[in-house]
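One structure is given here, and the rest of the page talks about it.
No experiment lies behind these values; they were computed from the predicted model shown.
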Amino acid sequence: MPLIGYARVSTEDQTPLPQAQALRSAGCAEIHEEQASGGNRARPVLTRLLERIGKGDTLVVVRIDRLARSLSHLLEVIERLEAKGAFFRSLQDPIDTASPQGKFTLQVLGAAAEFERALIRERTKAGLAHARTEGRVGGNPGLRARDPAALRKVRLARQDGYRERLGETAQDWVPHVRRLRPGMAWEDVLRIVNASLPYDRHWTQGRLLRAVNAYVRDGFLPETVLGRAGRRRGDDRLSVIVAAIKGADPDITLQAICDRLEAMRERTPRGRTRWNPSSVKMLLNRAEKAGLL
């Protein structure tokens with residue numbers, strides 16, 4: 001199985017060389033290095049790596065904290081790898097999802113995370129119930145009094161929370177939006193975003209547009225992505241979609257593109273539901289001539 005290494009340092013003063021050497025010694029012929037904070041989930045190098053990693057590949061890190069700073073982020077990345085048929089290994093931690101022991105460790109971590117969330121919920125409920133027995137009403141007094149300063153503080157906190165949640169999912173949709181808009185209609189962008197995600201993480205068009213608008217306001221995406229998409233003929237539209245799938249994963253096979261199009265419920269140029277590699281090849285040639293690849 002191909003071993004793909006990922007090395008991360010937090011500041012420019014640090015060097016990824018020791019990590020790279022350890023990864024190379026472990027058998028990684030391909031190593032991706034990145035300088036970014038561990039708390040930032042929207043890392044460009046990691047995002048591209050997770051997009052192009054394929055079935056049978058193994059993502060390798062020296063330690064878990066080089067990949068994720070929270071258990072939720074770690075489990076999220078591993079779920080994405082498993083959805084692609086890929087694996088995860090940490091050299092200095094007992095996690096290797098290609099082995100039964102590693103899978104068991106992962107299950108224990110997932111159970112511990114769920115147990116921690118359950119404890120927090122129960123403590124919160126107990127605290128609120130105890131406060132009510134003593135005649136205390138929960139909540140912010142400033143909010144109950146409709147104090148403008150308190151309302152503004154809560155509004156800013158909600159915005160920060162929303163930005164943090166977007167950061168956790170940015171690798172799922174930002175690369176597609178940056179690459180496909182405004183050349184492709186939003187409904188087609190949405191279908192390409194959802195095609196590689198498990199059903200419980202699918203986006204709606206409203207949620208996606210809200211997220212994109214927020215990232216445009218914060219300067220993470222250019223305003224051009226909000227431009228109006230031009231009208232295309234049916235065949236032109238299919239060429240754009242196939243080019244987008246190929247652009248996200250240059251090594252993807254024709255049959256894999258067929259499977260992706262069928263998962264998107266996209267009909268063939270002749271209106272059929274089953275795709276064959278020859279139809280995909282024709283559309284790729286058309287896309288290449290149009291300068292889409």
Report the distance from atom CD1 of I192 to atom NE2 of H176, rounding to the nearest 0.5 Å.
7.5 Å
Take R80 and D172, measure what side chain to side chain contact (heavy atoms under 4.5 Å, CB included) needs, and give me the verdict at the end.
CA-CA 10 Å; R80 290 194 64 184; D172 294 337; 3.2 Å; yes
So, the side chain of [X] versus the backbone of [Y]: is there a donor-acceptor pair under 3.5 Å, distance only?
X    : Y    : answer
S279 : W275 : no
R8   : A36  : yes
T58  : F88  : no
R43  : L67  : yes
R181 : M184 : yes
Q14  : S10  : yes
H202 : N194 : yes
D96  : A98  : yes
T204 : R207 : yes
R89  : T97  : no

Are the side chains of F87 and I78 in contact, using a 4.5 Å heavy-atom criterion?
no
Pairwise side-chain contact, D188 with L180, heavy-atom cut-off 4.5 Å (strictly under):
no
Run through E34, Q19, R66, E30 and flag the one making a side-chain hydrogen bond (donor to acceptor under 3.5 Å, both in side chains) with Y6.
E34
Does one hydrophobic cluster hold both [X] and [Y], with members joined at side-chain heavy-atom distances below 4.5 Å?
X    : Y    : result
V77  : V45  : yes
I4   : V9   : no
L238 : W186 : yes
L209 : Y215 : yes

Any ion pair linking [Y] and [X] (charged N to carboxylate O, less than 4.0 Å)?
X    : Y    : result
D93  : R63  : no
K84  : D57  : no
R191 : E266 : yes

With side chain to side chain contact (heavy atoms under 4.5 Å, CB included) as the criterion, how do L261 and T268 come out once you've worked through the C-alpha distance, each side chain's angles and the decisive distance to 0.1 Å?
CA-CA 9 Å; L261 290 168; T268 69; over 6 Å; no
Using a cut-off of 6.0 Å, state whether more than 12 heavy atoms not belonging to E223 lie near its atom CD.
no
